[in-house]
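Step one of this worksheet: look at the structure below.
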Amino acid sequence: MLIIGEKLNSAIPSVREAIKNKDIAFVQDLARRQAEGGAGFIDVNTAQGNDEAEDMEWMVRAVQEVVDVPLCIDTTEPRVAKRALQIHRGKAMLNSISMEKSRLEGMLPLIKEYGCSVIALTMDDNGIPKTAEERIRIAGELVEVLNKEKIDLNEVYVDPLVLPLAVGNDNAVIFFNCLAEIKKKYGVKTVSGLSNVSHQMPKRKLINRYFLTICMSYGMDAAIMDSTDRKLTSAVITTELLLNKDRFSRNYLKAYRNDALED
Ligand code: THG
């Protein structure tokens with residue numbers, strides 16, 4: 001499973017502060033540690049600052065000075081995404097598009113121009129639908145649009161947007177059904193953040209970690225997660241071993257030898 005490191009997000013107060021102070025050492029240290037934890041992409045989000053586009057450009061340059069891992073450009077604004085994609089070295093991921101009309105129209109030309117991978121959210125101008133059926137329908141609409149635009153579906157990660165358990169006890173199960181159906185019907189990849197599911201519950205990391213392993217058993221292809229959290233990365237490595245996605249147990253044993261596995 002592809003790990004997308006979540007920590008360079010301006011929603012986190014310490015990161016917001018670092019962006020404000022242009023504290024390049026802080027940002028570069030977090031980038032390095034996420035890469036060392038196994039991130040295949042590093043998510044970057046500067047939405048909470050003063051000037052999202054300016055901050056994004058600064059962040060992309062700062063991170064690419066120290067790691068080879070490509071970036072996942074996390075913004076709702078096509079203008080900000082363009083600024084990041086223009087200066088990004090290598091193939092980026094765009095986070096995200098959805099069936100919201102203005103966002104879709106602004107982002108589609110960028111995906112084509114820069115040939116990036118893309119995360120597609122199953123929401124539209126009416127928000128996130130409550131039922132699995134509605135979200136699967138929107139996934140179908142997104143796949144149709146992307147197909148029509150000749151965008152390679154191998155590069156598309158659909159995010160069915162998990163809602164908090166605290167709002168509905170069936171929200172995780174609804175999400176698992178979305179993962180299974182979207183894969184079956186459209187053959188595209190799937191992705192999720194982990195934190196929404198545990199919103200307003202105690203011991204959130206515990207819920208997030210077990211949520212991730214169940215998602216993996218449903219074949220989820222990528223997760224936006226804290227790759228500096230050794231318990232979480234150990235869960236990923238161990239679950240891949242159990243799902244026969246680790247030939248000769250190579251990754252598990254390597255992680256063990258590197259003292260990277262945590263009980
Ligand atoms: N889907 C998509 N994009 C997303 C999300 C999603 N982008 C934003 C978000 N959700 C994923 N990113 C974060 C980033 C930070 C945190 C949660 C989600 C966060 N971090 C705390 C910290 O680092 O201090 C706590 C970490 C922890 O306790 O594990 O809360 O769903 N497409």
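First listed ligand is number 1; within each ligand, the first listed atom is number 1.
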_What protein heavy atom lies closest to atom 6 (C) of ligand 1? Include the residue and the distance to one decimal._
Asp159 OD2, 3.8 Å
*Taking the six-membered ring for Trp and the full ring for Phe, Tyr or His, determine whether the centres of Phe211 and Phe175 are under 6.0 Å apart.*
yes
*Do we see a donor-acceptor contact under 3.5 Å between the side chains of Arg33 and Ser227?*
no
_Atoms of ligand 1, numbered as shown, that sit under 4.0 Å from any heavy atom of Leu121_ = 32 (N)
*Compute the shortest N/O to N/O distance between Asp226 and ligand 1 and return yes if it is under 3.5 Å, no if not.*
no
*Would you kindly say whether Glu100 and Ser98 are connected by a side-chain donor-acceptor distance under 3.5 Å?*
yes
*Check Asn196 against ligand 1 and report side chain, backbone, both or neither, counting heavy atoms closer than 4.0 Å.*
neither
*Check Ala47 against Ser10 and note the closest heavy-atom contact, atom names and distance.*
N-OG, 3.1 Å
*Tell me: protein heavy atom nearest atom 9 (C) of ligand 1, and distance?*
Asn9 ND2, 4.6 Å
*asked:* Within the 4.0 Å heavy-atom shell around Ile119, which atoms of ligand 1 are there?
replied: 32 (N)
*Has ligand 1 got any nitrogen or oxygen that is less than 3.5 angstrom from a nitrogen or oxygen of Asp43?*
no
*For atom 30 (O) of ligand 1, grab the closest protein heavy atom and report residue, atom and distance to one decimal in Å.*
Glu6 OE2, 4.8 Å
*Are Ile12 and ligand 1 in contact, using a heavy-atom cut-off of under 4.0 Å?*
yes
*If you measure from each non-hydrogen atom of Asn45 to ligand 1, which part falls under 4.0 Å: side chain, backbone, both or neither?*
neither
*Donor-acceptor side-chain pairing of Glu155 and Ser117 below 3.5 angstrom*: yes
*Can Asp55 and Lys22 be said to form a salt bridge (charged side-chain N to carboxylate O under 4.0 Å, His left out), step by step?*
CA-CA 9 Å; Asp55 294 342; Lys22 297 287 181 282; 3.0 Å; yes
*Quick one: which of Asp152, Leu104, Leu108 gives a side-chain contact (heavy atoms from CB on, under 4.5 Å) with Leu146?*
Leu108
*Output yes when the distance from some N or O of ligand 1 to some N or O of Ser192 is under 3.5 Å, and no in every other case.*
no
*For the atom pair CD1 (Ile237) and CZ (Arg230), what is the distance rounded to the nearest 0.5 Å?*
9.5 Å
*Hey, what else clusters with Leu163 if you join Ile, Leu, Val, Met, Phe, Trp, Tyr whenever side-chain heavy atoms sit under 4.5 Å?*
Leu2, Ile4, Phe41, Met93, Ile119, Leu121, Met123, Ile128, Tyr157, Leu161, Val191, Ile224
_Protein contact of atom 3 (N) of ligand 1 - nearest heavy atom, named by residue and atom, plus distance_ = Asn95 ND2, 3.0 Å
*Which heavy atom of the protein is the closest neighbour of atom 23 (O) of ligand 1, given with residue, atom name and distance?*
Lys7 NZ, 2.6 Å
_Among all protein heavy atoms in this structure, tell me which lies nearest to atom 5 (C) of ligand 1, with the distance rounded to 0.1 Å._
Ile224 CD1, 4.3 Å
*Starting from atom 10 (N) of ligand 1, locate the nearest protein heavy atom and write down its residue, its atom name and how far away it is, to 0.1 Å.*
Gly193 CA, 4.7 Å
*Heavy atoms of the protein only: does one fall short of 4.0 Å from atom 25 (C) of ligand 1?*
no
*May I ask you to identify the nearest protein heavy atom to atom 28 (O) of ligand 1, giving residue, atom name and distance to one decimal place in Å?*
Lys205 CE, 3.2 Å
*May I ask which of Ala222, Ser195, Ala223 has a heavy atom nearer to atom 17 (C) of ligand 1 than the others do?*
Ser195
*asked:* Taking side-chain contact (heavy atoms from CB on, under 4.5 Å) as the criterion, tell me which of Ile182, Ile174, Asn177, Asp159 meets it with Arg135.
replied: Ile174
*asked:* In the structure I gave you, are the side-chain heavy atoms of Met225 and Val236 within less than 4.5 Å of one another anywhere?
replied: yes
*For ligand 1, note which part of Arg204 has a heavy atom under 4.0 Å away: side chain, backbone, both or neither.*
neither
_Just by distance, no angles: are the side chains of Lys130 and Asn171 close enough, under 3.5 Å, to form a donor-acceptor pair?_
yes
